[in-house]
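Please read the structure below before turning to the comments.
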Amino acid sequence: MVDIRRAYPELGNCLYFDLAYKTHAVLYELPKNRLNWLWYINGDEPELMGSSVTMKVSEATVSEMKEEAERVWCPELARLIGETAEPFVNVIYDAEPLPGLSWAGGRVALVGDAAHPTTPHGLRSTNMSILDARVLGCCLARWGGDGNAEPTSTPRRALAEYEAARRPVVAAQVLHARRLGRLKQGLGMGSAGDGEGFDSRTATEEEISQLRQSSMPYFSGAPTIE
Ligand SMILES: Cc1cc2nc3c(=O)[nH]c(=O)nc-3n(C[C@H](O)[C@H](O)[C@H](O)COP(=O)(O)OP(=O)(O)OC[C@H]3O[C@@H](n4cnc5c(N)ncnc54)[C@H](O)[C@@H]3O)c2cc1C
């Protein structure tokens, strides 16, 4: 722990992300003196078993990865990776923003990951889900029916208002998280995923500024209907 704290002095106060050529790693501290690291590796679509996106990896793959870590990361992070007993692979997906958040003629609403599965690169997923629930709650309270309105129409109005408030926000945030992932992984930014990828070694200040958390759409607040 001493070495890694020297290399990453703000551990415990922040989440670090380290960039290398066409890859990046994330490192942060968990309670009880534990660390969590993630190393994002570009790869072909894997064959998944069952419904889980978490996969065990072979010992051969783990030792290759540990060797590669020595070449890519600073010695402290490479050592942490090397000393981790059972690293596993988690496949990262997102989905195109849905055309709507309410379904079945406005009688069912989706919130959270069901409404907008997103990559983790925007560091936003849980906040998005909590805000969905809050906005939906406010809309239901507002249109919950005062006894005069037609009973079947009020939940629909609530769900329509929820969708109008949240869909543009979550759609923009999912797409931004995808873009951040492509930037951090040095993948092409063209519309077909081609073109020049971001290279942290030669990037301009302006390009680097896109990686800031504050570049997330609605970073300073999204409408809450209150
Ligand atoms: C490994 C990992 C790390 C993550 N790290 C972060 C992070 O650092 N920061 C962050 O913001 N987000 C993170 N996320 C994302 C975050 O966990 C999700 O965005 C968030 O939990 C979404 O909340 P949710 O309520 O929409 O879905 P969930 O938390 O998935 O809740 C859905 C619930 O529905 C239950 N369920 C499913 N099907 C049924 C059924 N048929 N009947 C009844 N219940 C059912 C499930 O068991 C589950 O409890 C991470 C996700 C993963 C997988």
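Treat the numbers as computed from the prediction; the structure is a model and nothing was measured. Heavy-atom basis, side chains included; hydrogens, waters and symmetry copies ignored.
Side-chain contact check for R142 versus E161: some heavy-atom pair is nearer than 4.5 Å. With a 4.5 Å cut-off on side-chain heavy atoms, I92 and P120 count as touching.
Other residues, nucleotides and ligands contribute only 12 or fewer heavy atoms inside 6.0 Å of the CZ atom of R79. For E206, the CD atom counts as loosely surrounded, since its 6.0 Å shell holds 12 or fewer non-hydrogen atoms of other residues, nucleotides or ligands.
In the hydrophobic cluster analysis, where Ile, Leu, Val, Met, Phe, Trp and Tyr join through side-chain heavy atoms closer than 4.5 angstrom, I81 is grouped together with L35. Both L77 and Y16 are part of a single hydrophobic cluster, where members link through side-chain heavy atoms under 4.5 Å apart. Placement of M49 and V57 in two distinct hydrophobic clusters is found when ILVMFWY residues are connected by side-chain heavy-atom separations under 4.5 Å, directly or transitively. Linking ILVMFWY side-chain heavy atoms closer than 4.5 Å, directly or via other members, places V72 and I4 in a single hydrophobic cluster. Cluster annotation: F219 and L123 are assigned to distinct hydrophobic clusters (Ile/Leu/Val/Met/Phe/Trp/Tyr, side-chain heavy-atom contacts under 4.5 Å, transitive).
Atoms CG and CZ, on L27 and F17 in that order, are 13.0 Å from each other to the nearest 0.5 Å. Atoms CD and CD, from E205 and Q210 in turn, are 12.0 Å apart once rounded to the nearest 0.5 Å. For the atom pair CD of E207 and OG of S209, the computed distance is 9.0 Å after rounding to the nearest 0.5 Å. To the nearest 0.5 Å, atoms CG (D199) and CG (L183) are separated by 11.5 Å.
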Full working for side-chain contact (heavy atoms from CB on, under 4.5 Å) between Y218 and Q173
CA-CA 8 Å; Y218 304 95; Q173 293 184 329; 3.9 Å; yes
Assess whether side-chain contact (heavy atoms from CB on, under 4.5 Å) is satisfied between L187 and K22, documenting all intermediate values.
CA-CA 7 Å; L187 295 168; K22 291 190 184 294; 5.9 Å; no
Can R71 and E68 be said to form a side-chain contact (heavy atoms from CB on, under 4.5 Å), step by step?
CA-CA 5 Å; R71 286 189 286 276; E68 178 73 1; 2.9 Å; yes
Is there a side-chain contact (heavy atoms from CB on, under 4.5 Å) between R124 and T118? Walk through the geometry before answering.
CA-CA 9 Å; R124 210 75 204 152; T118 179; 6.0 Å; no
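Panel note: side chain R167, backbone L101; no donor-acceptor pair is recorded below 3.5 Å. Although no hydrogens or angles enter the test, the distance criterion places no donor-acceptor pair under 3.5 Å between the side chain of T23 and the main chain of L19. No donor-acceptor pair closer than 3.5 Å links the side chain of E70 to the backbone N or O of E67. Remark: the backbone N or O of G122 is paired with a side-chain donor or acceptor of Q213 at under 3.5 angstrom.
The ring pair (Phe, Tyr, Trp, His ring centres under 6.0 Å) contacts involving residues 89-112 comprise nothing, where partners must be two or more places apart or lie in separate chains. Applying the ring pair (Phe, Tyr, Trp, His ring centres under 6.0 Å) test to residues at least two apart or on different chains, the pairs with a partner in residues 25-55 are H24-Y40, W39-W73, Y40-H121.
When all heavy atoms are compared, the tightest approach of P223 to V135 is O-CG2, 3.9 Å. The nearest pair of heavy atoms linking V91 to P46 is CG2-CG, 3.6 Å. Considering all non-hydrogen atoms of both residues, S102 and L159 come closest at CB-CB, 4.1 Å. Nearest heavy-atom pair across V170 and D132 is CG1-OD1, 3.9 Å. Across all their heavy atoms, A20 and S200 have their closest contact at O-OG, 4.0 Å. Scanning both residues, Q185 and N42, for their nearest heavy atoms gives NE2-OD1, 2.8 Å.
Of the N and O atoms on the side chains of T126 and S129, not one donor lies less than 3.5 Å from an acceptor on the other residue.
Ion pairing between a basic and an acidic side chain is recognised when a charged N comes within 4.0 Å of a carboxylate O; R5 and E76 show no such pairing. By the 4.0 Å N-to-carboxylate-O rule, R178 lies close enough to E96 to be salt-bridged with it.
V89 pairs in a side-chain contact (heavy atoms from CB on, under 4.5 Å) with only one of the listed residues (M55, M65, K56), which is M55.
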Sequence neighbours left out, cut at 3.5 Å: what donor-acceptor pairs do the side chains of residues 8-15 make with other protein atoms?
residue	atom	partner	partner atom	Å
Y8	OH	D18	OD2	2.7
E10	OE1	N13	ND2	3.0

Under 3.5 Å, which donor-acceptor pairs do the side chains of residues 107-114 form with other protein atoms, sequence neighbours left out?
residue	atom	partner	partner atom	Å
R107	NE	A104	O	3.2

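Annotation: cation-pi geometry not satisfied between K184 and F198 (NZ/CZ under 6.0 angstrom from ring centroid, within 45° of ring axis).
Residues passing the side chain to side chain contact (heavy atoms under 4.5 Å, CB included) test with P217, sequence neighbours excluded: A172, H176. Applying the side chain to side chain contact (heavy atoms under 4.5 Å, CB included) criterion to S52, with sequence neighbours excluded, gives T54.
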